[in-house]
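Worksheet: one structure, shown below.
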There are 2 protein chains.
Amino acid sequence: MQDYHDRLLADLKKSMPIVIGCHCAVSYSGRAESYLDYNDCILIIKSDKTILVHQTTGNNPINYMKPGTTYTLNVADKRLLIHAEHRQLKEYMDIHVTNIYYYNAHPLAPGSTLILEGTEKDMVEAIMNKPESIEEGFKPVSTEEHTKYGFIDVFGNDTNGTLCVVECKRYTGDFKAVDQLRRYVEKIKDAKGINTVRGILACPSITPNALTMLQDFGFTHVALTPPKRLAKYNKAQTSLGDFHKS
Amino acid sequence: MQDYHDRLLADLKKSMPIVIGCHCAVSYSGRAESYLDYNDCILIIKSDKTILVHQTTGNNPINYMKPGTTYTLNVADKRLLIHAEHRQLKEYMDIHVTNIYYYNAHPLAPGSTLILEGTEKDMVEAIMNKPESIEEGFKPVSTEEHTKYGFIDVFGNDTNGTLCVVECKRYTGDFKAVDQLRRYVEKIKDAKGINTVRGILACPSITPNALTMLQDFGFTHVALTPPKRLAKYNKAQTSLGDFHKS
DNA sequence: GGGGAGAGATGCCGC
DNA sequence: GCGGCATTTCTCCCC
């Protein structure tokens, strides 16, 4: 265990990304408090001193600390004690390691940037490029309009010149989406001193209860699905395999 | 690369948790579309066939697939091609690996359960145990009251017998919290056919804009911080070190 | 750094 | 499975 202590200390100093398969217990104190009994885990300490404690299932770490954590190491009772502390965030984590199955530290170059398409922002762009997807005669005026009660996705006029607030969701519309739309509509009415402002929720689908609430407020649901532009790009290639070989 | 192909195939068959430090490119298609150019990554494939693609910084994986993903492997042009597909979710991911820095697969026992304290649920319990923390004379009636517009954290009466809806947030109160509270209050008014229902937002702090909105609706903010019971437990021990050695 | 809101959110519980 | 909602949410953008 003393060997691992020395290696970990050196690798932390070099800001090396570290992966450890081990048997350990974890306690955390900060925004909340947690305790994890001794069990098998995968520990990942990244170059930015983020630490993730992963178990053998699930998407999310069972425990973690944010970037900028500092580490203090000790060996006692044949155990490696890792004290991870984040002073600014007033958080700490203690890991007691009894057994290490594997230990890997290897220099890794900083990552590439992910290209992501099909987000809500892409929905907004699609509406700006094709306003009739909201309804015939819709004329968008602005996007990301800032009000004191939040940011409005798309702001525009319908064919009658009535002001329209459009809120986009890439997923099934719910209460929260209707709440948000309502907040914007009310604030616009208040700010402009007018009584008639339409609320339009653009999303692929909507829950029955949210639809009821939407209609209670006199708002409209428009079925819209976020575009996935990379799909088109991939289709333009003869095949996915060829695309990647390039 | 053929050796790694064979090892990975065998380890996947055994549902072994696998960690790979490598140079790779990743493309994803499903709920959205993404492409990540060749770069250094840590790949983690868990026992439940979750895959995480981590870079050297940050809390979250840059790419991932959920539990239940199936894998198809190939070697071409000295590259290991990992095709990960989730048929139910209609998602897939392609990883092209050009270089492997380390490869680890080791049987890990299923994890322990995390004990977590200081959640919103703990706030609700604390209020039930000490109703005067909301205000003098407050009498809680129920928790998790189900309405058609959502679940009410705490429902009760003030010293005048006026109905009170209490919404708890463990973090700084914001617009969304006020929206939620408002939705419950309105629904209760509607359901009970009464005009006077008080809304109380219990949270450690509140943003200035949210406070304005709260007050516009005639609601109240009560400063409450989520309890952290493990902190007390740890204090009861002579020291944290002793606690862990037990 | 705080406020506001999206996320390929995830995860939990209830119906 | 969907619905509703918390999360040690995380992350990004903008002031």
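This one's a predicted model, so the numbers in the text were calculated from it and none came from an experiment. Protein chains get the first letters and strands the later ones, always in sequence-line order, with residue 1 at the start of each.
- Side chain of A:Arg183, nearest nucleotide from C:dA5, C:dG8, D:dA6: C:dA5.
- Salt-bridge annotation for A:Glu186 and B:Arg182: present, with a side-chain N of the basic residue lying under 4.0 Å from a carboxylate O of the acidic one.
- Distances shown here put every side-chain N or O of A:Gln88 at or beyond 4.0 Å from the OP1 or OP2 atom of C:dG1.
- Among residues two or more places apart in sequence or in another chain, the ring-ring contact (aromatic ring centres under 6.0 Å, His included) test is passed with B:Phe219 by B:Phe217.
- Partners of A:His86 according to the side chain to side chain donor-acceptor pair (under 3.5 Å) rule, which considers only residues two or more places apart in sequence or in another chain, are A:Gln88.
- In this view, B:Lys90 satisfies the side chain to side chain contact (heavy atoms under 4.5 Å, CB included) rule with no residue, not counting sequence neighbours.
- Nearest nucleotide to the side chain of B:Asn63, out of C:dG8, D:dC5, C:dG6: C:dG8.
- Listed by chain and residue number, nothing satisfies the ring-ring contact (aromatic ring centres under 6.0 Å, His included) test with B:Tyr71 (two or more places apart in sequence, or in another chain).
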(request) Do nucleotides 10-15 of chain C as a string where each nucleotide becomes B, S or -: B if the base has a protein heavy atom under 4.0 Å, S if just the sugar-phosphate does, - if no protein is that close. (result) SS----

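- To the nearest angstrom, C1' of D:dT7 lies 14 Å from CE of B:Met123.
- Sorted by first and then second residue, the side-chain hydrogen bond (donor to acceptor under 3.5 Å, both in side chains) pairs with a member in residues 39-53 of chain A read A:Ser15-A:Lys49, A:His23-A:Asp40, A:Asn39-A:Gln55, A:Asp40-A:Tyr101, A:Lys46-B:His54, A:Asp48-A:Thr50; sequence neighbours excluded.
- Closest approach to the A:Ser34 side chain among C:dG6, D:dG3, D:dT8 is made by D:dT8 (side chain taken as heavy atoms from C-beta onward).
- Taking the C1' atoms as reference points, D:dT8 lies 25 Å from C:dG14, given to the whole Å.
- Not a single salt bridge (charged side-chain N to carboxylate O under 4.0 Å, His left out) links B:Arg170 to another residue, sequence neighbours left out.
- Between C:dG8 and D:dC5, the two P atoms lie 23 Å apart (nearest whole Å).
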(message) If a pair means Watson-Crick or G-U wobble with both distances below 3.5 Å, what does DNA chain C look like in dot-bracket form, with | marking bases paired to a different strand?
(response) |||||||.|||||||

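- For A:Asp179, the salt bridge (charged side-chain N to carboxylate O under 4.0 Å, His left out) partners two or more places apart in sequence, or in a different chain, are B:Arg183.
- Nucleic acid contact class of A:Ile152 (heavy atoms, under 4.0 Å, all strands): none.
- For B:Gln180, a side-chain nitrogen or oxygen approaches OP1 or OP2 of D:dA6 to under 4.0 Å.
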